[in-house]
Amino acid sequence: MTSAVEQLLEVKTRIAAAEREAKRGPDAVTLVAVSKTFSAGEIQPVLEAGQRIFGENRVQEAQGKWPALREAFPDLELHLIGSLQSNKTKEAVALFDVIETVDREKIAAELAKEMAKQGRSLKLYVEVNTGSEPQKAGIEPREAVAFVKRCREVHGLAIEGLMCIPPADENPGPHFALLEKIAREAGVEKLSMGMSGDYETAIAFGATSVRVGTAIFGGRAYQSQK
Ligand SMILES: *Cc1c(COP(=O)(O)O)cnc(C)c1O
């Protein structure tokens with residue numbers, strides 16, 4: 001079996017190749033290693049290999065394993081990539097450095113309040129439901145530009161990027177292109193798009209970060225909720 005560290009190196013090599021292919025600079029793309037469902041013991045070697053940016057999709061699961069890892073690796077950066085429930089905002093602001101799933105007014109308001117209270121300023125992304133899938137989180141594409149504006153003007157949030165998860169059964173390219181177009185209209189710099197199956201495509205469409213789980217850590221024993 002290939003180890004997570006070997007697979008990490010393989011993913012990084014492929015990212016570098018995709019950057020060259022797309023005529024983008026080296027380090028144009030940040031790798032977010034998605035460690036949901038994996039234990040601190042499984043994550044540790046990947047940290048030791050130099051990876052510092054990780055994604056988790058559940059606040060409670062992340063609380064169970066990251067505080068101890070952060071003591072050993074204080075320079076790590078933790079991204080929340082799963083839906084944020086408003087009763088978890090306080091915990092999320094205390095634990096995460098980046099929240100990629102701002103998708104409604106209520107969460108924007110509570111994040112603003114909680115960051116002020118805790119004196120923490122997280123980097124924030126708005127999640128866009130590019131496929132308008134009813135079961136999926138994220139703001140509707142046609143509402144996204146106005147929502148980013150409201151986050152900034154009404155809630156004083158510095159929205160840094162957009163994030164999307166294209167429908168599983170569709171060609172992701174048009175979804176990545178749509179996210180890039182919305183980002184340009186909204187005046188947002190960063191694009192979090194691309195997962196294990198399509199990160200090279202996402203890089204061709206301008207991704208500034210890719211969220212890769214399975215291709216590094218292997219298959220997940222259970223399906224973590226979206
Ligand atoms: C699980 C997850 C990923 C990683 O998916 P893989 O296919 O395992 O690479 C990326 N983004 C989000 C939002 C996820 O929930």
Side-chain angles (χ1 to χ4, degrees), residues 1-15 18 29-39 42-43 46 51 53-63 65-66 77-85 88 92 95-104 107 122-133 135-139 141 144 160-173 175-176 178-179 190-226:
M1 206 185 89
T2 332
S3 74
V5 169
E6 283 170 298
Q7 299 195 124
L8 170 73
L9 297 179
E10 166 76 16
V11 168
K12 288 171 75 161
T13 303
R14 285 178 175 228
I15 288 173
V29 180
T30 299
L31 171 61
V32 179
V34 177
S35 49
K36 65 187 183 196
T37 82
F38 292 95
S39 68
E42 291 165 301
I43 297 167
V46 175
Q51 176 66 24
I53 306 176
F54 291 84
E56 289 281 345
N57 71 336
R58 300 170 75 173
V59 175
Q60 209 167 339
E61 180 188 334
Q63 273 181 314
K65 55 193 183 188
W66 284 99
E77 184 180 286
L78 202 54
H79 292 224
L80 179 64
I81 59 171
S83 230
L84 177 58
Q85 306 305 316
K88 291 274 165 45
L95 181 64
F96 288 92
D97 304 291
V98 182
I99 292 179
E100 299 201 12
T101 51
V102 181
D103 66 351
R104 56 199 192 278
I107 283 293
L122 279 66
K123 293 178 182 157
L124 302 173
Y125 287 51
V126 165
E127 179 177 358
V128 182
N129 186 359
T130 57
S132 298
E133 295 172 279
Q135 83 284 9
K136 224 173 234 174
I139 191 107
E160 180 155 306
L162 302 182
M163 181 272 239
C164 76
I165 311 167
D169 53 356
E170 284 182 30
N171 175 6
H175 295 273
F176 298 150
L178 175 60
L179 198 71
K190 308 271 181 164
L191 292 170
S192 171
M193 54 192 201
M195 317 194 337
S196 291
D198 55 20
Y199 65 92
E200 288 148 306
T201 306
I203 291 168
F205 279 93
T208 59
S209 61
V210 293
R211 310 176 309 269
V212 180
T214 311
I216 296 171
F217 290 101
R220 287 179 286 272
Y222 65 90
Q223 193 59 43
S224 188
Q225 75 184 24
K226 273 270 143 68

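Values reported hereafter were calculated over all heavy atoms of this structure, with side chains retained and with hydrogens, waters and symmetry mates removed. None of these values were measured; they are calculated from a predicted model. Read the numbers this way: they start at 1 and go in the same order the structure lists the ligands and their atoms.
- Remark: R14 engages E200 in a salt bridge, criterion side-chain N to carboxylate O under 4.0 Å.
- In the displayed structure, K123 atom NZ is contacted under 6.0 Å by at most 12 heavy atoms of other residues, nucleotides or ligands.
- Some N or O of G213 is nearer than 3.5 Å to an N or O of ligand 1, by distance alone.
- When the options V11, I81, I216 are ranked by their closest heavy atom to atom 13 (C) of ligand 1, first place goes to I81.
- For ligand 1, the atoms sitting less than 4.0 Å from at least one non-hydrogen atom of V212 are 9 (O), numbered in the order shown with element in parentheses.
- The distance from ligand 1 to the heavy atoms of S196 drops below 4.0 Å at these ligand atoms: 6 (P), 7 (O), 8 (O), 9 (O).
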>> Assess the residue pair K190 and S209 against the criterion (side-chain contact (heavy atoms from CB on, under 4.5 Å)); give the C-alpha distance rounded to whole Å, side-chain angles, the decisive distance to 0.1 Å, and a yes or no.
In response: CA-CA 8 Å; K190 308 271 181 164; S209 61; over 6 Å; no
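- Nearest residue to atom 14 (C) of ligand 1 from M163, M195, K36 is K36 (criterion: closest heavy atom).
- Between F38 and F217, the two ring planes are parallel [angle under 30°; tilted spans 30° to 60°].
- Interface atoms of ligand 1 facing T214, defined by a heavy-atom separation under 4.0 Å, are 6 (P), 7 (O), 8 (O), 9 (O).
- The closest approach between any non-hydrogen atom of R220 and ligand 1 is below 4.0 Å.
- Remark: the E42 side chain and the S39 side chain contain an N/O donor-acceptor pair separated by less than 3.5 Å.
- Numbered from 1 in the order shown, with element, the atoms of ligand 1 that lie under 4.0 Å from a heavy atom of R211 read 4 (C), 9 (O), 10 (C), 11 (N), 12 (C), 13 (C).
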>> One pair to check against side-chain contact (heavy atoms from CB on, under 4.5 Å): L31 and V210. What are the steps and the verdict?
In response: CA-CA 5 Å; L31 171 61; V210 293; 4.1 Å; yes
